[in-house]
Enquirer: 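Before we start, here is the structure in question, set down as structure tokens.
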There are 2 protein chains.
Amino acid sequence: MRLSKRGEYGLRAMIALAEPDEQDGSPRMMQIKEIALREGISSKFLEQILLALKNNGLLHSKMGVGGGYYLAKPATEITLGQIFRVLDGPVAPVKCVSQMAYEPCGCPDEETCGLRLVMGDVRNAISDILDKTTLANVVKRQGSLRKKLGIK
Amino acid sequence: MRLSKRGEYGLRAMIALAEPDEQDGSPRMMQIKEIALREGISSKFLEQILLALKNNGLLHSKMGVGGGYYLAKPATEITLGQIFRVLDGPVAPVKCVSQMAYEPCGCPDEETCGLRLVMGDVRNAISDILDKTTLANVVKRQGSLRKKLGIK
DNA sequence: ATAAAGTCTATAATTTCAGTATACTTTTTG
DNA sequence: CAAAAAGTATACTGAAATTATAGACTTTAT
């Protein structure tokens, strides 16, 4: 049940972009290289990932000198589920319980297939978390932990 | 977040072995070919899978004429989590939240990494289901559904 | 005009997955 | 004791997915 590097890097980048700007707390704009450096990622790889997020309406960008990426919507309106699905596809462990990419699997009777029932539960449990957690939630959670530990 | 074929086939086979015998309801013994045919799986591939489950203490086998595989323990004592981990490895989406295969990931401060916090929740949600669901649970659930639908 | 940024597409390298192949051991039974 | 039926063990292969790298192009600020 692994999260791909693509998904991981994309989520990290989005979280970074959702952190409030140090000065004015305005929507933050960052360059690919800046994020790549900060997160220790190949900037060429990150480039593709951010582009995909942009083409799916989660990021906006500004070209040219002084350009960069920024969130397409407030951090309260972007969920980890949206990001995950753009980068890693469906959340469901098996296609026969997928909302976004249903396909029958091999079981003789899908309605009463025990494996399918359980995997449906797993799917729901995962999407319950991913679809209810916004970037704002994540940033807040990080922030209060950091405060508690007296870091940064 | 996909379940591999290896994991899927293994889980299906274990569920099949957990279904009560039609005659006497005794612990069921089945041959590789029998299971493979029933589930529509390559029997050579299934062979490897069952062997792995055996070597990890979840199955017993009898060699020679009239042999086959059977559950090493009562179906109430084998969880889907145990089976999953043998065949697909850790449940955790990222190594840094894995119980069985922890490894640091790239985040500068693991304690306050937002992604890690959320993925920890996901891990717990998945293992909550997989580790609490036994083969007996699955069989029972299938059975009552079938009864309800008047099947078989 | 130039440099700094993102865009786009192709391709390379690596790893994982799913499945095959083959030789071997154990057990039953005639 | 021989033969057949079962599991054991390990090696290998082909395809696909993943993770990257490369390079040529477009847009914008100065």
Side-chain angles (χ1 to χ4, degrees), chain A residues 1-13 17 28-37 39-72 84 86-90 93-95 101 105-106, chain B residues 1-13 17 28-37 39-72 84 86-90 93-95 101 105-106:
Chain A
M1 294 281 185
R2 214 170 94 265
L3 176 66
S4 72
K5 286 295 174 189
R6 189 174 149 86
E8 179 188 329
Y9 296 163
L11 285 163
R12 283 193 198 286
L17 285 166
R28 197 173 202 179
M29 183 156 79
M30 293 175 83
Q31 295 173 6
I32 298 176
K33 283 188 186 170
E34 201 179 342
I35 303 175
L37 191 67
E39 305 286 340
I41 308 174
S42 144
S43 83
K44 269 302 193 182
F45 190 21
L46 185 58
E47 198 177 292
Q48 296 176 27
I49 294 167
L50 297 184
L51 196 54
L53 291 168
K54 180 194 161 150
N55 290 334
N56 282 274
L58 298 180
L59 284 179
H60 284 163
S61 66
K62 185 162 179 284
M63 267 185 154
V65 178
Y69 280 98
Y70 54 98
L71 300 185
F84 181 94
V86 166
L87 299 174
D88 274 15
V94 289
K95 286 159 287 169
C105 34
Chain B
M1 292 281 185
R2 215 170 93 264
L3 176 66
S4 71
K5 286 295 174 189
R6 190 174 148 87
E8 180 189 329
Y9 296 163
L11 285 163
R12 283 192 198 288
L17 285 167
R28 197 174 201 178
M29 181 158 80
M30 293 175 84
Q31 293 174 7
I32 297 175
K33 282 188 186 169
E34 200 179 343
I35 304 175
L37 191 68
E39 305 286 340
I41 308 173
S42 144
S43 82
K44 267 303 190 183
F45 190 20
L46 185 59
E47 199 176 290
Q48 292 177 28
I49 295 167
L50 297 184
L51 195 55
L53 290 168
K54 179 194 161 150
N55 290 335
N56 283 274
L58 298 180
L59 284 179
H60 282 163
S61 66
K62 183 162 180 284
M63 268 185 153
V65 179
Y69 280 98
Y70 54 98
L71 300 185
F84 181 94
V86 165
L87 299 173
D88 274 15
V94 289
K95 288 160 286 170
C105 34

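Chain identifiers are assigned alphabetically (A, B, ...) following the order of the sequence lines, protein sequences preceding nucleic acid strands; residue numbering begins at 1 within each chain.
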Enquirer: What integer distance in Å separates N55(B):CG from dT8(D):P?
Expert: 8 Å
Enquirer: Could you check S43(A) against Y69(B) and say which one's nearest nucleotide on DNA chain D is further toward the 5' end?
Expert: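 The answer here is Y69(B).
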Enquirer: Where the side chain of D88(B) meets the backbone of S4(B), is there a donor-acceptor pair that is under 3.5 Å apart?
Expert: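 Yes; at least one donor-acceptor contact below 3.5 Å.
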Enquirer: Nearest whole Å is fine: how far is dA16(D) C1' from K5(B) NZ?
Expert: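 Answer to the nearest Å: 14 Å.
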Enquirer: Report the distance from atom CG of N56(A) to atom P of dT7(C), rounded to the nearest whole Å.
Expert: 13 Å
Enquirer: State the CG-CG distance between L51(B) and L46(B), to the nearest 0.5 angstrom.
Expert: 10.5 Å
Enquirer: For every nucleotide of nucleotides 22-30 of chain C, 5' to 3': is a protein heavy atom under 4.0 Å from its base (B), only from its sugar-phosphate (S), or from neither (-)?
Expert: B--BBBB--
Enquirer: Identify, with sequence neighbours excluded, every residue that meets side chain to side chain contact (heavy atoms under 4.5 Å, CB included) alongside K95(A).
Expert: E103(A)
Enquirer: Using a cut-off of 4.0 Å on non-hydrogen atoms, how would the nucleic acid contact of I32(B) be classed: base, sugar-phosphate, or nothing?
Expert: sugar-phosphate
Enquirer: My understanding is that only residues two or more places apart in sequence, or in another chain, count here; which of them pass side chain to side chain contact (heavy atoms under 4.5 Å, CB included) with E39(A)?
Expert: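 Result, side chain to side chain contact (heavy atoms under 4.5 Å, CB included) vs E39(A): R12(A), A16(A), I35(A), I41(A).
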Enquirer: What is the distance, to the nearest angstrom, from the CD1 atom on I49(B) to the P atom on dC17(C)?
Expert: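 In whole Å, dC17(C) P and I49(B) CD1 are 12 Å from each other.
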Enquirer: Counting only side-chain N and O atoms of Y9(A), is one of them less than 4.0 Å from OP1 or OP2 of dA20(D)?
Expert: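 Yes, because at least one side-chain N or O of Y9(A) sits under 4.0 Å from OP1 or OP2 of dA20(D).
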Enquirer: For K33(A), which contact category applies under a 4.0 Å heavy-atom criterion: base, sugar-phosphate, or nothing?
Expert: nothing
Enquirer: Using OP1 and OP2 only, check whether a side-chain N or O of R2(B) sits under 4.0 Å from dT18(D).
Expert: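 Checking R2(B) against dT18(D): no side-chain N or O falls below 4.0 Å of OP1 or OP2.
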Enquirer: Could you tell me the separation between the CE atom of M30(A) and the P atom of dA5(C), rounded to a whole number of Å?
Expert: 13 Å
Enquirer: Can you tell if the side chain of L71(B) reaches within under 4.5 Å of the side chain of L59(B), non-hydrogen atoms only?
Expert: yes
Enquirer: Evaluate the side-chain proximity of L3(B) to F84(B): yes if any heavy-atom separation is below 4.5 Å, no if none is.
Expert: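 Yes. Closest side-chain heavy atoms under 4.5 Å.
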Enquirer: Kindly say if K54(B) contacts the phosphate of dG7(D), meaning a side-chain N or O under 4.0 Å from OP1 or OP2.
Expert: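 So the side-chain polar atoms of K54(B) never come under 4.0 Å of the phosphate oxygens OP1 or OP2 of dG7(D).
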Enquirer: Rounded to the nearest angstrom, tell me the gap between atom CZ in F45(B) and atom C1' in dG14(D).
Expert: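 So the CZ-C1' distance, F45(B) to dG14(D), works out to 14 Å.
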